[in-house]
Asker: 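Below you'll find the structure I mean.
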Amino acid sequence: MSPLSALALMALTGVCSCQTSDCSYLDLLTYLNLTTTNGAAVNMRPVKNWTTPTLVQVDMVPFGILQVDEKTQTFTSHIWINMHWNNEFLTWNASDFCGIDTLMVPRSSLWIPDVFIVEDVSDSGTIQHSPLVSLSPEGSLLAITRQRLTATCLLVVTLFPFDQQRCNFTFSSMNKASIMLGPINNETALTRTSEEFMVTQGEWELDKMEIFEYRNNISRYPDRLIYTVTISRRPLLYVVIFILPLLFFVWLDVASFFISEARGEKLSFKVTVLLSISVLLLILKDMMPSTENHLPMIAIYCVGIFALVGLSVLEAMLLSFLHDLDGYCKARSPDNSEEKIQLEEDFYKAEEAPENGPVPPDRPEGHDLLKLILKEVKTTRQEVGGPNKDEMRPGRYRRLADIIDRVFFSLYLLTAVVFLTYMYTAWISQII
Ligand SMILES: *[C@@H]1O[C@H](CO)[C@@H](O)[C@H](O)[C@H]1NC(C)=O
Ligand SMILES: *[C@@H]1O[C@H](CO)[C@@H](O)[C@H](O)[C@H]1NC(C)=O
Ligand SMILES: *[C@@H]1O[C@H](CO)[C@@H](O)[C@H](O)[C@H]1NC(C)=O
Ligand SMILES: *[C@@H]1O[C@H](CO)[C@@H](O)[C@H](O)[C@H]1NC(C)=O
Ligand SMILES: *[C@@H]1O[C@H](CO)[C@@H](O)[C@H](O)[C@H]1NC(C)=O
Ligand SMILES: *[C@@H]1O[C@H](CO)[C@@H](O)[C@H](O)[C@H]1NC(C)=O
């Protein structure tokens, strides 16, 4: 080989090494031995000394509250999970690779910590891992997962619809003692991020997020990282469709005491009110879990009002019965009042008969006046005679009914006021 050609070759290799001088991602990937899937690298925890635990930092950011199901006690949300850990073998000097400071590496060629959420009951299809993991020169990795998370959550609906729920999301690992868990950001920053990115909340509002860390180096249990998400319900709709209508029903029922008993409409009106309340009760039953130990206040409210109206229906029935009894006694009483009435009606007919026919033109004006006076006298006589008749036996039931009605009405009003005040203090004032 001539010196010239040797020089040319050297120059060529120099140029070549310069051109391929580690400026592409592929070179870095080759340098890191990640071009072929290395089974050992995927399966083994990437630490140089096995006693070194791997610190896995996890951030959970909810960006949508999809559903809170009181019946099945689940909380469905849309979350991001950022997971951060270190790989001691995947390091490089950025200045050797034209300053590449981030490399996206396929998830499948790396060891990924097995961190899971204990409360998770969602289908496997709801998890969406980002296919690439970002790697920085110090070997720190960041994996992002998006998930439609359905988690079990103990929902306490005692104060429904003014309730506030606290749901725990416990991150844990199946690897004992080799993985330490911790958060990336603090809770203030997380809550702010979450509020910023929140796309849908439905009837709920995210109040705050808290982070609890349970370090466990006794190696019996793995570490736990608990995110406690506090959400509160927006109660306006329930106030409008439940609480106010029920209040109106009580008022209607109170007002129905002033409907006259004689027409028999009082009872049917009260029964209609009772039916309307039972419709609301049915709707409520569909919403509330039946496994609840503490009865929800709204159920007590509904049932209390139902009982009040039910009692007033019973009272109306009793009154109606007494009135009927009264009428029955009157009909059976040895009194000639019916005969008298019959006689009077006959008299009336006889008097009024000429008016049905064509009025004679020569009729004197005084005749009409006389008839009017006669009518007046008759009505006064009836009015004077009325009370006398009522003082006799048959009127007793009617008077009894009146007394019962008055006493019951006072008691009813008192009970309703006491009950509503109690509900207000025990239920609504707890929140305000
Ligand atoms: C890649 O593998 C070669 C040989 O298998 C080894 O010498 C080298 O240190 C490895 N590089 C890295 C970054 O692990
Ligand atoms: C591995 O770590 C243990 C405890 O930290 C230490 O005692 C030991 O010397 C380390 N081994 C090596 C080879 O660095
Ligand atoms: C990276 O390489 C440059 C020069 O090649 C050197 O000066 C620097 O100290 C290296 N950095 C690290 C962290 O090794
Ligand atoms: C949620 O986590 C907190 C903090 O560890 C704990 O006090 C609380 O009891 C947990 N709640 C439930 C329902 O497990
Ligand atoms: C939380 O982190 C932010 C920056 O991310 C910092 O400004 C704030 O002081 C931290 N708050 C607490 C309570 O540590
Ligand atoms: C366990 O944790 C405690 C503090 O929480 C620490 O003092 C102790 O050294 C730890 N033990 C081991 C074996 O890491």
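First listed ligand is number 1; within each ligand, the first listed atom is number 1. In this text the structure is predicted, and so the values were computed from the model without any measurement. The chain is numbered in sequence order, starting from 1.
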Asker: Only heavy atoms of T51, strictly under 4.0 Å: list the atoms of ligand 2 that pass.
Answerer: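 In order of numbering, the contacting atoms are 1 (C), 2 (O), 3 (C), 4 (C), 5 (O).
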
Asker: Using a distance threshold of 4.0 Å (strictly less than), state whether atom 14 (O) of ligand 5 has a protein heavy-atom neighbour.
Answerer: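 Protein heavy atoms within 4.0 Å of atom 14 (O) of ligand 5 - there is at least one.
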
Asker: Among protein heavy atoms, which sits nearest to atom 8 (C) of ligand 2, and what does the distance come to when rounded to 0.1 Å?
Answerer: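 Among all protein heavy atoms, the one nearest atom 8 (C) of ligand 2 is N49 ND2, 3.6 Å.
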
Asker: Tell me: protein heavy atom nearest atom 12 (C) of ligand 3, and distance?
Answerer: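 Protein heavy atom at minimum distance: N93 ND2, 3.2 Å.
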
Asker: Does the R215 side chain pair with the main chain of L181, one donor and one acceptor, at a distance under 3.5 Å?
Answerer: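 Answer holds: yes.
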
Asker: Got a protein heavy atom sitting under 4.0 Å from atom 2 (O) of ligand 5?
Answerer: yes

Asker: Kindly check if the number of other-residue, nucleotide or ligand heavy atoms within 6.0 Å of CZ (F116) is above 12?
Answerer: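 Enclosed: over 12 neighbouring heavy atoms sit under 6.0 Å from CZ of F116.
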
Asker: Would you say N185 and ligand 5 have an N/O pair spaced under 3.5 Å apart?
Answerer: no

Asker: Suppose we measure from atom 11 (N) of ligand 5 to each protein heavy atom; which comes out shortest, and what is that distance?
Answerer: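 Sorting protein heavy atoms by distance from atom 11 (N) of ligand 5 puts N186 ND2, 2.7 Å first.
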
Asker: Check the angle between the aromatic planes of H78 and F63 and answer parallel, tilted or perpendicular using the 30° and 60° thresholds.
Answerer: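 Parallel.
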
Asker: Identify the closest protein heavy atom to atom 4 (C) of ligand 3: which residue and atom is it, and at what distance?
Answerer: S95 OG, 4.0 Å

Asker: For the rings on F97 and Y31, is their centre-to-centre separation under 6.0 Å?
Answerer: yes

Asker: Which ligand 5 atoms, with their elements, are less than 4.0 angstrom from a heavy-atom of T188?
Answerer: 11 (N), 13 (C)

Asker: Decide yes or no on side-chain hydrogen bond (donor to acceptor under 3.5 Å, both in side chains) for T51 and N49, but give the supporting numbers first.
Answerer: CA-CA 5 Å; T51 52; N49 186 344; 2.9 Å; yes

Asker: Ring centres under 6.0 Å, that's the criterion: do Y397 and Y328 meet it?
Answerer: no

Asker: List the closest protein heavy-atom neighbour of atom 5 (O) of ligand 3: residue, atom name, distance to the nearest 0.1 Å.
Answerer: D96 OD1, 3.6 Å

Asker: So, do I117 and I79 sit near enough that their side-chain heavy atoms are less than 4.5 Å apart?
Answerer: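 Side chain of I117 against side chain of I79, heavy atoms only: contact under 4.5 Å found.
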
